[in-house]
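In what follows, every heavy atom counts, from backbone to side chain, and hydrogens, waters and symmetry copies are set aside. So you know, we letter chains A, B, ... as the sequences are listed, proteins then strands, and number each from 1.
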Amino acid sequence: MDENTFTENFNNQGWPSKTFLCYMVERLDDENTATPLDEYKGFVRNKGRDQPGEPCHAELYFLGQIRSWNLDRNQHYRLTCFISWTPCYNCAQKLTTFLKENHHISLHIFASRIYTVDDSGSRQSGLCALQAAGARITIMTSKDFERCWVTFVDHKEKPFQPWEGLEVKSKKLCEELQAILRAQQN
DNA sequence: ATTTTCAAT
């Protein structure tokens with residue numbers, strides 16, 4: 001992805017009305033050593049209401065990609081994704097179902113910001129269910145932004161440049177997410 | 001202490 005797309009969408013101070021999701025896959029061997037599978041690396045974005053056809057959240061395109069790979073059920077894989085907004089309730093549900101049906105796949109989600117539109121009256125229970133199904137969900141820290149930059153951005157050899165307030169915002173969101181994930185456990 | 005959110009008033 002180009003530099004501007006990254007900055008516009010992943011800057012944790014912003015509020016873009018679209019979502020990008022970068023994904024990468026690693027195969028894990030018996031010693032838990034990870035081998036990157038670069039052929040499955042990429043990113044998707046949602047389809048908005050301004051575009052033709054039915055709107056679609058980024059996560060559903062992501063799920064479509066994963067299914068199309070038909071990853072070997074006798075192996076174990078780790079999917080890592082960097083997403084600019086945390087999944088909404090419905091997407092979280094779909095990811096949860098997917099993980100329950102695909103025990104050979106682990107999911108790590110690094111999110112830039114917390115999406116708090118309450119689209120089902122259920123608050124953030126979708127994220128809790130997703131975590132309960134084995135996903136790891138965390139807020140992107142400076143290190144994660146840098147990894148995303150290095151891995152997915154056409155950075156032209158430029159190093160990642162943190163923006164003003166990145167750390168403070170990240171810490172704050174992290175606390176919020178912890179509260180969300182903790183609150184619904186009982 | 002806050003609140004703009006995969007839009008739409």
- Query: So, is A:Arg49 close to the B:dC6 phosphate, meaning a side-chain N or O under 4.0 Å from OP1 or OP2?
  - Reply: no

- Task: Establish, with yes or no, whether the OP1 or OP2 oxygen of B:dA7 is under 4.0 angstrom from a side-chain nitrogen or oxygen of A:Asn46.
- Result: yes

- Begin from the C-alpha positions of A:Phe62 and A:Tyr23 and carry the test ring pair (Phe, Tyr, Trp, His ring centres under 6.0 Å) through to its verdict. CA-CA 8 Å; A:Phe62 175 49; A:Tyr23 55 85; 5.4 Å; yes

- Message: Between A:Pro87 and A:Leu95, is there a side-chain heavy-atom distance shorter than 4.5 Å?
- Response: yes

- Item | Distance, rounded to the nearest Å, where A:Trp85 contributes CH2 and B:dA7 contributes P | 12 Å

- Is the base of B:dT5 touched by the side chain of A:Ser17 through a donor-acceptor pair closer than 3.5 angstrom? no

- Taking CD from A:Gln93 and C1' from B:dC6, how many angstroms apart are they, rounded to a whole number? 17 Å

What pairs of donor and acceptor atoms, side-chain ones from residues 101-109 of chain A against any protein atom, are under 3.5 angstrom apart with sequence neighbours left out?
| residue | atom | partner | partner atom | Å |
| --- | --- | --- | --- | --- |
| A:Asn102 | OD1 | A:Arg73 | NH1 | 3.3 |
| A:Asn102 | ND2 | A:Phe98 | O | 2.8 |
| A:His103 | NE2 | A:Lys100 | O | 3.2 |
| A:His104 | NE2 | A:Leu71 | O | 3.3 |
| A:Ser106 | OG | A:His76 | NE2 | 3.0 |

- Note on the structure: Residue pair A:Pro55/A:Gln13 against DNA chain B: nearer the 5' end by closest nucleotide is A:Gln13

- Minimum-distance nucleotide to A:Tyr115 side chain [options: B:dT3, B:dT5, B:dA7]: B:dT5

- Query: Does A:Trp85 reach the main-chain N or O of A:Pro16 with its side chain, forming a donor-acceptor pair under 3.5 Å?
  - Reply: yes

- Identify which nucleotide among B:dT3, B:dT5, B:dT2 has an atom closest to any side-chain atom of A:Glu176, counting heavy atoms from C-beta outward. B:dT3

- Query: Between atom CD1 in A:Ile114 and atom C1' in B:dT3, what is the gap in whole Å?
  - Reply: 12 Å

- Which whole-number value in Å describes the distance from A:Asn90 CG to B:dT5 P? 18 Å

- Message: From CZ of A:Phe10 over to C1' of B:dT5, roughly how many Å is that when rounded to an integer?
- Response: 15 Å

- Query: Which whole-number value in Å describes the distance from A:Leu95 CG to B:dC6 C1'?
  - Reply: 13 Å

- For B:dT9 versus B:dT5, give the span between their C1' atoms, rounded off to a whole number of Å. 15 Å

- Given atom CG of A:Leu173 and atom P of B:dT3, what is their separation to the nearest angstrom? 15 Å

- Query: Nearest to the side chain of A:Thr19 - B:dC6, B:dT3, B:dA7?
  - Reply: B:dC6

- Look at all strands and tell whether A:Ser112 reaches a base, only sugar-phosphate, or nothing, counting heavy atoms closer than 4.0 Å. nothing

- Item | A:Trp69 with A:Leu21, same ILVMFWY side-chain cluster at under 4.5 Å | yes

- Task: Can you tell me the distance, in whole Å, between the CZ atom of A:Phe82 and the P atom of B:dC6?
- Result: 22 Å

